[in-house]
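Below is one structure; the comments refer to it alone.
Below, read A as the first sequence line, B as the second, and so on, with proteins coming before strands; counting in each chain starts at 1. Note that these values count all heavy atoms, side chains included, but never hydrogens, waters or copies made by symmetry.
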Number of protein chains: 2
Amino acid sequence: MEAESGLSTGVLMFIPYRALEDRVFAALAAAGFDDFTPAQARVMQRIGPQGTRLTELAAQAQITKQTAGFLVDQLEKAGYVRRVPDPTDKRARLVCGAEKAWAAKRVADAVVAEVEREWEAHLGKRRMKQLREALTLLREITDPWA
Amino acid sequence: MEAESGLSTGVLMFIPYRALEDRVFAALAAAGFDDFTPAQARVMQRIGPQGTRLTELAAQAQITKQTAGFLVDQLEKAGYVRRVPDPTDKRARLVCGAEKAWAAKRVADAVVAEVEREWEAHLGKRRMKQLREALTLLREITDPWA
DNA sequence: TGACTTCAGTCAGCTTCCCTGACTACTTTG
DNA sequence: CAAAGTAGTCAGGGAAGCTGACTGAAGTCA
């Protein structure tokens, strides 16, 4: 494509993101959490401490409620979540994380922290801070929700 | 947990990337290039000026050669690429971009440039430069190939 | 030269993810 | 209470990816 460092800023962002994601999934698999998929993880990530409604999960993950329902079914079978009736609305049920989900989250969080330390070691404290600052600012005009 | 936002640096990178991708696809669709998918685009992007082998495309896009073959089939039907025999190796064929592909690329490149200008306007010239610098450095330890 | 090995690409069959459309059950509101 | 809105499911389908098994061509080496 282009000659020099001619990659677009967008692509330059995607490369480290993808590398991080790969690391997290590898670590989860190594720790025995190999029975869920990236799509399921994306939903699971968004479950709040008190549980979250299916419709809410779907909206946040930007998928249809049908897809979310399918993914939650699989997560339920694998023992990561359970569905409990919502006491405040008899139409709804709350998707709650099970202990297995929190255990996986602890592993994932540890890897993210480790990778960020590696990045900081490579960039130096100053540049890492600038990077986060620029990205946080950029979020203001690129984050469609929040 | 940082003060500015609790999001990991990886997620912070993904947000603008996704926003850029959405913009590019919307612009392509608006320009009439609505007959290909993101997956097909990811393959098409990697076709060199003189054409590229299927196996090479698969490796670069990090998919199997079967999947790549399937996507190239679709691109061929839609008129974006054609396959020609490789003169230097009778086993292989070169996937070459057709004029329609280059036209789409021109549209995409224009949108990328436009979005980058918007980002620079929001961040300021200095911060944009720092951002690209940090990301380029980060590529050294996160880009699995090159 | 002939026997292995390697590489390019295809075929067949499968899973996962995600969609639309149509539906039931319950809540809220006028 | 009737109408409108919301939570979730069911049915069906398409896109994208995988593995495994294969053909045909090239390269290697005794």
Chain A vs DNA chain C, heavy-atom contacts under 4.0 Å, first-to-last nucleotide span, 5' to 3', is dT16(C) to dT27(C)
At a heavy-atom distance below 4.0 Å, what parts of residues 63-76 of chain B sit against DNA chain C?
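Close to the strand are Lys65(B), Gln66(B).
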Practice item. Within residues 23-34 of chain A, find the residues that approach DNA chain C with a heavy atom at under 4.0 Å, and present them sorted by residue number. Key: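 The stretch gives none, as no residue of it lies under 4.0 Å from the strand.
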State whether the side chain of [X] and the backbone N or O of [Y] hold a donor-acceptor pair below 3.5 Å, judged by distance alone.
{"X": "Arg46(A)", "Y": "Gln60(A)", "answer": "yes"}
{"X": "Glu116(A)", "Y": "Ser8(B)", "answer": "no"}
{"X": "Arg23(B)", "Y": "Ala19(B)", "answer": "no"}
{"X": "Lys105(A)", "Y": "Met44(A)", "answer": "no"}

Non-neighbouring partners of Asp86(A) that pass side-chain contact (heavy atoms from CB on, under 4.5 Å), sequence neighbours left out:
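For Asp86(A) the side-chain contact (heavy atoms from CB on, under 4.5 Å) partners, ignoring immediate neighbours, are Arg53(A), Thr88(A), Asp89(A), Ala92(A), Leu94(A).
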Report, one pair per line, the protein and nucleotides 26-29 of chain D atoms (nitrogen or oxygen only) whose separation is under 3.5 Å.
{"residue": "dA26(D)", "atom": "OP1", "partner": "Lys90(B)", "partner atom": "N", "Å": "3.0"}

Apart from Trp102(A) itself, members of its ILVMFWY cluster (side-chain separation under 4.5 Å) are none
The ring-ring contact (aromatic ring centres under 6.0 Å, His included) partners of Phe25(A) (sequence neighbours excluded) come to none
Apply ring-ring contact (aromatic ring centres under 6.0 Å, His included) to Phe33(A) and list each qualifying residue two or more places apart in sequence or on a separate chain.
->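 If we apply the ring-ring contact (aromatic ring centres under 6.0 Å, His included) test to Phe33(A), skipping adjacent residues, there are no hits.
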For [range], which residue pairs pass the ring-ring contact (aromatic ring centres under 6.0 Å, His included) check, not counting sequence neighbours?
{"range": "residues 108-128 of chain B", "answer": "none"}
{"range": "residues 39-69 of chain A", "answer": "none"}
{"range": "residues 49-89 of chain B", "answer": "Phe36(B)-Tyr80(B)"}

Distance col, row Leu20(A):CG vs Ile15(A):CD1, nearest 0.5 angstrom, shows 14.0 Å
The bend of the helix from dT1(C)-dA30(D) to dG30(C)-dC1(D), taken between the axes of its five terminal pairs at each end and rounded to 10°, is 20°
_Contact under 4.0 Å: Gln62(B) side-chain N or O vs dG17(D) OP1/OP2_ = no
**Q.** Below 4.0 Å: OP1/OP2 of dA15(D) and any side-chain N or O of Arg42(B)
**A.**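 So the side-chain polar atoms of Arg42(B) never come under 4.0 Å of the phosphate oxygens OP1 or OP2 of dA15(D).
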Arg83(A) atom CZ is separated from dG8(D) atom P, nearest whole Å, by 9 Å
Arg53(A) atom CZ is separated from dG5(D) atom P, nearest whole Å, by 18 Å
- Message: Between Asp73(A) and Lys77(A) (salt bridge meaning N to carboxylate O under 4.0 Å), is one present in this structure?
- Response: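 Salt bridge flag = no for Lys77(A) with Asp73(A).
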Could Glu133(B) and Arg126(B) be called an ion pair, given the rule that one side-chain N must be under 4.0 Å from one carboxylate O?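 Looking at Glu133(B) and Arg126(B), the cut-off is not met.
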- Give the intermediate values and the outcome of side-chain contact (heavy atoms from CB on, under 4.5 Å) for residues Leu135(A) and Met13(A). CA-CA 10 Å; Leu135(A) 289 172; Met13(A) 287 174 182; 3.8 Å; yes
